[in-house]
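A quick write-up on the structure given underneath.
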Amino acid sequence: MKVLIIEDEAYLAQGIVNKLNDFQLECVMKDNLENLDKEEHFDVVLASLKSIDNNYNELTRAFSRSIIILMINYINDDTVTKPLQNGVTDYIVKPFVMDELIRKIQHYKSYQDLKKEINFYHSYFDFIEKELDTPNPTAYNPPFVIKTNSQRSADIYAMRYARMKKISMSFLTLKEDKWKQIFANQPTKNTVFYITNLEEFRKSETKDFLDLILKFSCIVSVISSEKIQFPQVVDISNYDNDVDLGGTILSVREYEKVIISKFESRYSDIELAKRLGMSRKSLWEKRKKYGITRKREVAKD
């Protein structure tokens, strides 16, 4: 991290440099605003208000992407309120403890890094959202079920809902047993869970689970074409985002192999064969032909 120090008191400036060097910060010292390279980037600008002749506006224009901390002698509108209103990040009153300055720098650097990370994930979500066809979120309050033909569609729908409602969610998958311990301990109503892979359950398990979550704030996704018995169901299964073939045209043989591999753990042999328009024996023969090992038998009640 690179720090510009503007201070006309040489003893103080050198003391700051020595302390910041202990934290592996690279420091550049100046005694005024003249002869500054405005193109050079600094993560932090630490400037004495006196040394810049109270010209904080020039400082914020020159280093708009930097953390700017003013070193001031006293607090009033001209030294604190107006600078903060015009782009200065923070201030510290002389004489100050160096540990307090370090704490401020670390705090604002962490905040800046966090903002960049959040912006990255927002940009990524916006990009993915444009790639999929999903409806605007419902006005339902949890618990509700998202019935879908694509896990990606359900995920995007749930995230759009969270953004619309300005809530955060905890993520669970029913492929793992972690949810059992969480719900056995009675999570608070304020915790919103996004739970995936309900299709992994048998019919009796599905009913018991849906009865359980009625008293909790849950959003549950299920990949299914069957009717879901629940008070609030958002059906987005008619939105065509179900199979990602990588933007290529597959041969019939390749398509069969992709579909069997992708959906064999979700449907029984009878149901999968029916959906593919073939007999159960033909499905068994194709699985053998393509070298696809049956992952598990889906039991139907």
Side-chain angles (χ1 to χ4, degrees), residues 114 116-183 187-202 205-206 209-210 212-214 216-248 258-267 272 275 295-296 298:
L114 184 60
K116 289 180 181 178
E117 184 176 357
I118 291 172
N119 287 336
F120 166 76
Y121 286 115
H122 275 297
S123 298
Y124 173 74
F125 178 81
D126 291 339
F127 172 77
I128 295 298
E129 185 180 21
K130 290 176 183 177
E131 296 295 307
L132 298 180
D133 183 21
T134 55
N136 290 326
T138 179
Y140 287 156
N141 290 321
F144 64 83
V145 173
I146 305 170
K147 177 185 169 185
T148 182
N149 61 3
S150 161
Q151 188 60 59
R152 290 198 305 166
S153 295
D155 294 346
I156 291 296
Y157 185 93
M159 294 302 295
R160 290 180 70 186
Y161 178 87
R163 293 177 86 181
M164 181 185 76
K165 293 288 188 178
K166 297 181 179 179
I167 60 174
S168 59
M169 299 186 296
S170 295
F171 299 91
L172 294 172
T173 172
L174 297 178
K175 289 183 176 181
E176 302 172 356
D177 289 336
K178 182 180 177 181
W179 69 271
K180 294 180 180 179
Q181 180 180 357
I182 290 174
F183 286 97
T188 65
K189 192 73 174 178
N190 294 330
T191 304
V192 180
F193 293 96
Y194 176 50
I195 305 173
T196 63
N197 303 112
L198 181 60
E199 65 275 1
E200 295 288 322
F201 281 7
R202 301 175 183 178
E205 293 175 324
T206 297
F209 179 78
L210 292 178
L212 170 67
I213 67 164
L214 277 171
F216 300 114
S217 295
C218 298
I219 301 171
V220 181
S221 73
V222 58
I223 300 174
S224 177
S225 60
E226 300 177 0
K227 186 175 182 180
I228 305 299
Q229 298 294 333
F230 199 73
Q232 297 187 135
V233 178
V234 178
D235 189 350
I236 61 171
S237 58
N238 59 322
Y239 287 81
D240 190 19
N241 299 309
D242 53 345
V243 180
D244 183 2
L245 300 178
T248 60
V258 168
I259 296 302
I260 293 172
S261 299
K262 184 178 180 67
F263 293 101
E264 67 168 3
S265 63
R266 191 174 303 159
Y267 301 108
L272 184 56
R275 288 172 178 270
K295 294 178 182 177
R296 74 176 182 87
V298 179

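By the 30° and 60° cut-offs, the orientation of the rings of Y140 relative to F144 is tilted.
Considering all non-hydrogen atoms of both residues, A154 and S221 come closest at CB-CB, 3.6 Å. Of all non-hydrogen atoms in Q151 and Y194, the two that sit nearest each other are NE2-OH, 3.4 Å. Taking both residues in full, the closest heavy atoms of I156 and F125 are given as CD1-CE1, 3.8 Å, listed atom of the first, atom of the second, then distance. Residues S168 and V192 come closest through the heavy atom pair O-CB, 3.9 Å. Here the shortest heavy-atom pairing between S237 and S224 reads CB-O, 4.3 Å. When every heavy atom of V222 is checked against every heavy atom of E199, the shortest pair comes out as CA-OE1, 3.5 Å.
For F216 and F193, the ring centers are positioned 6.0 Å apart or more.
Atoms CD and CD1, on E200 and I223 in that order, are 9.0 Å from each other to the nearest 0.5 Å. Once rounded to the nearest 0.5 Å, the distance linking CG of N197 with CH2 of W179 reads 13.0 Å. Atom-to-atom distance recorded for I219:CD1 and L172:CG is 12.0 Å, nearest 0.5 angstrom. The CD1 atom of I167 sits 11.0 Å away from atom CG of N190, with the distance rounded to the nearest 0.5 Å. Rounding to the nearest 0.5 Å places OH of Y121 at 14.5 Å from CG of D126. Distance check: I228 CD1 to I146 CD1 gives 12.0 Å after rounding to the nearest 0.5 Å.
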Stepwise, does the side-chain contact (heavy atoms from CB on, under 4.5 Å) test hold for F183 with C218?
CA-CA 11 Å; F183 286 97; C218 298; 3.7 Å; yes
Verdict with reasoning, M164 to Y161, per side-chain contact (heavy atoms from CB on, under 4.5 Å)
CA-CA 5 Å; M164 181 185 76; Y161 178 87; 4.2 Å; yes
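Side-chain contact between N141 and K165: present, with at least one pair of heavy atoms (C-beta onward) separated by less than 4.5 Å. Residues F201 and L198 are in side-chain contact: their nearest non-hydrogen atoms beyond the backbone lie under 4.5 Å apart. Side-chain contact between P231 and L214 is present, with heavy atoms from C-beta onward closer than 4.5 Å. In this structure, the side chains of V220 and P143 stay at 4.5 Å or more apart for every pair of heavy atoms. Looking only at side-chain heavy atoms (C-beta outward), K147 and E226 stay at 4.5 Å or farther from each other. Counting only heavy atoms from C-beta outward, the side chains of Y157 and V234 approach each other to under 4.5 Å.
Listed for the E205 side chain is a donor-acceptor partner under 3.5 Å among the backbone atoms of R202. Not one N or O on the side chain of Q232 forms a donor-acceptor pair closer than 3.5 Å with the backbone of P142.
Counting non-hydrogen atoms of other residues, nucleotides and ligands closer than 6.0 Å to OH of Y124 gives a total of 12 or fewer.
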